[in-house]
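The block underneath contains the structure these notes are about, expressed in structure tokens.
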Amino acid sequence: MPIDKKFNPGEVEKKWYDYWLEKGYFKAGSGSEKPAYCIVIPPPNVTGSLHIGHALDITLQDIMIRWKRMSGFDTLWLPGTDHAGIATQNVVEKALLKDGVDRHALGREKFIEKVWEWKAQYGGTIINQLKVMGASCDWSRERFTLDEGLSRAVREVFVRLYGEGLIYRGDYIINWCPRCHTALSDLEVEHEDTKGKLYYIKYEFAHEEGFVVVATTRPETYFGDTAVAVNPEDERYRDIIGKTVKLPVLGREIPIIADEFVDATFGTGAVKVTPAHDPNDFEIAKRHNLPFIKIMTGDGRMTGETGPYEGQDRFECRKNVIRDLEETGRLERVKDHDLAIGHCYRCRTVVEPFLSKQWFVRIKPLSEEAVSAVKDGRVKIIPSGWENSYFNWMENIKDWCISRQIWWGHRIPVWYCDDCNEVIVSIEDPTVCVCGGVLRQDEDVLDTWFSSALWPFSTLGWPDDTDDLKKFYPTDVLITGFDILFFWVARMVMMGLKFMGREPFRHTYIHALIRDEEGHKMSKSRGNVVDPLSMTETYGTDAVRFTLAAYAAQGRDIKFSGKRVEGYRHFINKIWNASRFIFMNIREGEKIVPLMETKTLSLADRWILSRLSSVAAEVNALLEEYRFNDAAGVLYQFVWHEFCDWYLEMVKPVLYGDDEGTRISAISTLVHVLETALSLLHPFMPFISEEIWQQIPVKKEVDSICIRRYPVAGDGIEDEESEMNMGVVMDAVLGIRTIRGELNISPSIEIKVLIKTQNGTEDILKRNLVYINKFARAGEIEIGNNIELPKNSATSIKPLMEICVPLKGLINVDLEIDRLNREIKKHKEELSFISNKLSNNGFISKAPKAVVEENKFKYNEIKDKVDTITANIEKLLTINEEDA
RNA sequence: GGGCGAUUAGCUCAGGGGGAGAGCGCUGCCUUCACACGGCAGAGGCCACUGGUUCGAAACCAGUAUCGCCCACCA
């Protein structure tokens, strides 16, 4: 029964993905009796395209979902996309600009229409790419954060938080991106260590001779100064508190005040206070009732408050200010100074601290509960190392600025009446004010992360009490990268607890970042981005998925390269060819006997079935703990080395032999192990496992491997004795192979082998002569407890046996002597190590009995081995002498 | 400034108180009827450093060094 010589991933992937969709296997059924298992996808940006980080995310989630689906759960993997306010607006804005269209000229409504058009055109891209990766999402439940339902959830949450006083509006210093023209939350600012300068500027007293020197990194902000502050304890400045100084150029008089905040040891100990452009100064100003003067516009240009500098760009202005101060002798000195400059996380522009009226979430009441949820285990963070970061952030959390001065997003559901100053906060759009006046909706939209924070319940139908919500909330696990732990994970916990009264997910598995081959972060500017889709085209999706899983050890970044994927493609190839081999040996029209009905299982059959049992148990246990790399490793080791290298070789004599009974058993075993192994592998490599499984010529209880029952220990046969006996046979084979390999005995030469056995191994070996014969290419094999070993021979000592290959006419005796000497050296080192232990009274008295016994046993074993090898060397030396 | 992580074979990394592991690479042999994207056999490591705990440490603890990351309003 034929199977293609080569595995062709491209064709197969498309075929089976379509098949799965058509059959509706990914659809969750709320009515099902099965227990629920749910994962919500971290919604990718709707304008985005799949990068390698997504690929990892998706692979791990799909492994969990496919595993649970096969394990009898009603699984829901809920997919969707995020409107990604600033990012999307920027993308569309740029595209329009290319056509010479400015968004302001277009107007708000028209612009938003354009974004929706854009979404319609490109929004499907990333969804299709998820499908290429094999993601088994329930596409019938796909959501978008700006959907009607989700928008309703957003309004509901806003209105309720406002009603409870947890949302407020006010003038505060926020982070402002002059390019995106919007406020940003603290999280959206990325600090970058920069080598900057500290400028020392002289402020002259207004009514007497002399001056005070202040130090600043942003000299251009001095136009907004409304005071100079010193520490009240600072002796140097005690006398000048209360005096006034004049600002250079402007001549405006400002007071010298005392405030505890000032660190006397930094700079000159005197600080310029710029309340509208610095968060600390803002606080100082509130304490001292200082005025707030805005010196910069929203796009980073200087205002009329800066006199001659009006209209200049902030950086240009800085240069000019420094130059002018220097020319007028007011720049005392300039010092190198390292500082962290904040950049917009969407466009990399330097952000400005900016006084502005914004909306905020009072976050402390929400964060406290979110902390307890993790502390008492309602939410488990895996790996647990991230808990500290989570607590640290939650405990130092500051109010969340949620308003954005952009157009694409959920518009804030607040209306103002120009006539009576009424403020209406409402879920439904109001038409007119109570006073009959005209209402005007707040111009701002909400932070994208505000809607993402609701994702685990808004997608399930909240605020309605839907069946999905009842069945699938709380979800089981959230899988994502650590980069959005605060942005998203933490906020979902807060919002889920607040509005559902339950945690949004029981586990959150935080995976590492994928880096390039050299360990650098992948970025477009660096040009080291690996495109996962071109990888799947080159190597096949299964290989990419398996690679990602195999490298996804907890807690460490993954260095990724095509070379590694290539390595695992070899594994795919191995699986394909092993299957091909099995199919080749099934006769035309042959009916495969179910394993349970076979009566003549050989040692090899029983051994591989026992191993299969252990492997199934291990894989399940490892997946339960999100140890993807270990699970992948166990499967790799089992399939390649145990199944292919040993078992397939061992059945060959049976398959080509003429004992029909053992052949039938072997075929049953082969098919059973193949089918089970493919099932175990399916979550990791869905396509090839389906392709091969579909071709296995047995009666199937289901139409796809993806809904087959996931194997457990009972799918094999636990048989310790067979594993032990097989170990003996393997030892014999390995011993002979070592001799052959190291003494370079050509494979074409058939050798004679003598094995001197002890303690019942004689029987085991005699019963399994066929294997030794084949693996060792031994013609004549003599086995027995009391056989005489010839002098002129190469030897290999294994537990319970001494293997002997007569050398006469085969090889150089010196070569064997060298080899044995090397071996004896190794053993002697080991021996002295153990003997040191055993002669240590502390060890004998304090170490566990079993450990002591084990060491004694080992000592004797190695001692015997050394003695035997020594004797063998003696014998060989005698021969050399005789020859000479 | 605070916190976290890493340091194990040439490379990439698992492991985690009693025998140093894997993959790739390397060396030798093998074009054997599933697979050369293969098979067999090998070589290769004071598990970063210094102390401590212990009968026993690569593992646990403390410190040091180097690298990386996260958080942070000292102008």
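Side chains are part of it too, since the values below use all heavy atoms of this structure and drop only hydrogens, waters and symmetry mates. As the structure is a prediction and not an experimental result, all values here were calculated from the model.
For the 3.5 Å distance criterion, the side chains of A:Tyr345 and A:Glu188 qualify, holding a donor opposite an acceptor. One side chain, A:Asp225 or A:Tyr203, offers a donor N or O that lies under 3.5 Å from an acceptor on the other. For A:Lys559 and A:Ser561, the side-chain atoms include no donor-acceptor pair closer than 3.5 Å.
For A:Asn744, the listed nucleotide lying nearest its side chain is B:G28; candidates were B:A41, B:G28, B:A34. Taking every side-chain heavy atom of A:Asp645 into account, B:C40 is the closest of B:A34, B:A75, B:C40. Across B:A34, B:C69, B:C29, the shortest atom-to-atom separation from the side chain of A:Pro747 is found for B:C29. The listed nucleotides are B:A41, B:C35, B:C69; the one nearest the side chain of A:Arg737 is B:A41. Among the nucleotides B:G18, B:A43, B:C29, the one closest to any side-chain atom of A:Lys826 is B:A43. Counting only heavy atoms from C-beta on, A:Arg580 has its side chain closest to B:A34 among B:A41, B:A34, B:A14. Among the nucleotides B:C35, B:G39, B:A34, the one closest to the side chain of A:Phe581 is B:A34. Taking only side-chain atoms of A:Glu742, from C-beta outward, the nucleotide of B:A34, B:G18, B:A41 with the closest atom is B:A41. When the nucleotides B:C37, B:A34, B:A72 are ranked by their closest atom to the side chain of A:Ala340, B:A72 comes out on top. The side chain of A:His570 lies closest to B:C37 when the candidates are B:C30, B:C37, B:C69.
For A:Thr738, a side-chain nitrogen or oxygen approaches OP1 or OP2 of B:G42 to under 4.0 Å. The phosphate of B:C11 (OP1 or OP2) has no side-chain N or O of A:Lys563 nearer than 4.0 angstrom. Phosphate contact (OP1/OP2 of B:G38, side-chain N/O of A:His641, threshold under 4.0 Å): absent. Dashed line: the shortest gap from a side-chain N or O of A:Tyr656 to OP1 or OP2 of B:A34 is under 4.0 Å.
The same atom, C1', is picked in B:C24 and in B:C37; the two are 13 Å apart, to the nearest Å. Rounded to whole Å, the separation between the P atoms of B:G25 and B:A58 comes to 31 Å. Spacing between B:A72 and B:C67 at atom P, rounded to whole Å, works out to 24 Å. Comparing the C1' positions of B:G28 and B:A57 gives an interatomic distance of 38 Å, to the nearest angstrom. The separation of B:U8 from B:G45, taken at their C1' atoms, amounts to 8 Å, rounded to a whole angstrom. Going from the C1' atom of B:A22 to that of B:G16 covers 16 Å, rounded to whole Å. For the P atoms, the distance from B:A48 to B:C55 is 24 Å, rounded to whole Å. Look at the C1' atom in both B:G39 and B:A34: the space between them is 12 Å, to the nearest Å.
If you take CG of A:Asn860 and P of B:G19, they are 16 Å apart, rounded to a whole angstrom. In this structure, A:Ile692 places its CD1 atom 12 Å from C1' of B:A34, rounding to the nearest Å. Taking atom CG on A:Asp557 and atom P on B:U7, their separation rounds to 13 Å, with Å as the unit. When rounded to the nearest whole Å, the span between CG of A:Leu485 and P of B:C69 equals 18 Å. Atom C1' of nucleotide B:C37 and atom OH of A:Tyr636 are separated by 11 Å, given to the nearest angstrom. Separating the NZ atom of A:Lys774 from the C1' atom of B:C40 is a distance of 12 Å, rounded to the nearest angstrom. As a whole-Å value, the separation of A:Phe486 CZ from B:C71 P is 6 Å. Across the protein-nucleic acid pair, A:Ile688 atom CD1 and B:A34 atom C1' stand 13 Å apart, rounded to whole Å.
For A:Glu192, the salt bridge (charged side-chain N to carboxylate O under 4.0 Å, His left out) partners two or more places apart in sequence, or in a different chain, are A:Arg348.
Residue contacts for A:Phe261: at a heavy-atom cut-off of 4.0 Å it reaches a base atom on one of the strands shown. Nucleic acid contact for A:Lys652: base, since at least one base atom lies under 4.0 Å from a heavy atom of the residue. At a threshold of 4.0 angstrom between heavy atoms, the contacts of A:Glu566 with the nucleic acid are absent. At a threshold of 4.0 angstrom between heavy atoms, the contacts of A:Asn840 are confined to the sugar-phosphate backbone, with no base atom among them. As judged by a 4.0 angstrom heavy-atom cut-off over every strand, A:Pro353 is placed among residues making no nucleic acid contact. The residue A:Asn841 sits apart from the nucleic acid: no heavy atom pair falls under 4.0 Å. Among the protein residues, A:Trp640 comes within range of the sugar-phosphate backbone only, with heavy atoms under 4.0 Å from sugar or phosphate atoms but none that close to a base. Within the nucleic acid shown, A:Lys6 comes within 4.0 Å of at least one base atom, counting heavy atoms only. Within 4.0 Å of A:His277, counting heavy atoms only, lies no atom of the nucleic acid at all. Within the 4.0 angstrom heavy-atom criterion, base atoms lie near A:Arg569. Heavy atoms of A:Tyr551 sit nowhere under 4.0 angstrom from any nucleic acid atom. Backbone-only contact: A:His337 has heavy atoms under 4.0 Å from sugar-phosphate atoms and none from a base. Using a 4.0 Å heavy-atom cutoff across all strands shown, A:Lys559 reaches sugar-phosphate atoms only and no base atom. Contact annotation for A:Arg822: no contact, since no heavy-atom pair falls under 4.0 Å across all strands.
Side-chain N or O atoms of A:Thr194 include none that pairs as donor or acceptor with a backbone N or O of A:Gly196 at under 3.5 Å.
Ring-plane geometry between A:Tyr172 and A:Phe360 is classed as perpendicular, the angle between the planes exceeding 60 degrees on a 0 to 90 degree scale with a lower cut at 30. Ring pair A:Tyr568/A:Tyr551 is perpendicular by interplanar angle, where above 60° counts as perpendicular and below 30° as parallel.
Residue A:Ile558 is the one, among A:Ser746 and A:Ile558, whose nearest nucleotide of RNA chain B lies closer to the 5' end (criterion: closest heavy atom). If A:Asn388 and A:Lys858 are placed on RNA chain B by their nearest nucleotide, the residue sitting closer to the 5' end is A:Asn388.
The number of heavy atoms from other shown groups lying within 6.0 Å of CG (A:Asp338) is above 12. Within 6.0 Å of the CZ atom in A:Phe857, the count of heavy atoms belonging to other residues, nucleotides or ligands does not exceed 12. Annotation: A:Lys335, atom NZ; neighbour count of heavy atoms from other residues, nucleotides and ligands within 6.0 Å does not exceed 12.
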| message | Is there a side chain to side chain donor-acceptor pair (under 3.5 Å) between A:Asn392 and A:Asn396? Walk through the geometry before answering. | response | CA-CA 6 Å; A:Asn392 189 43; A:Asn396 296 298; 3.2 Å; yes
| query | Going through the distances and angles, do A:Glu649 and A:Lys774 end up as a salt bridge (charged side-chain N to carboxylate O under 4.0 Å, His left out)? | reply | CA-CA 9 Å; A:Glu649 293 307 320; A:Lys774 173 183 158 43; 3.5 Å; yes
| query | Where each pair must be Watson-Crick or G-U wobble with both distances under 3.5 Å, what dot-bracket representation of RNA chain B is obtained, with crossing pairs in [ ] and other-strand partners as |? | reply | (((((((..((((....[..)))).(((((.......))))).....(((((..]....))))))))))))....
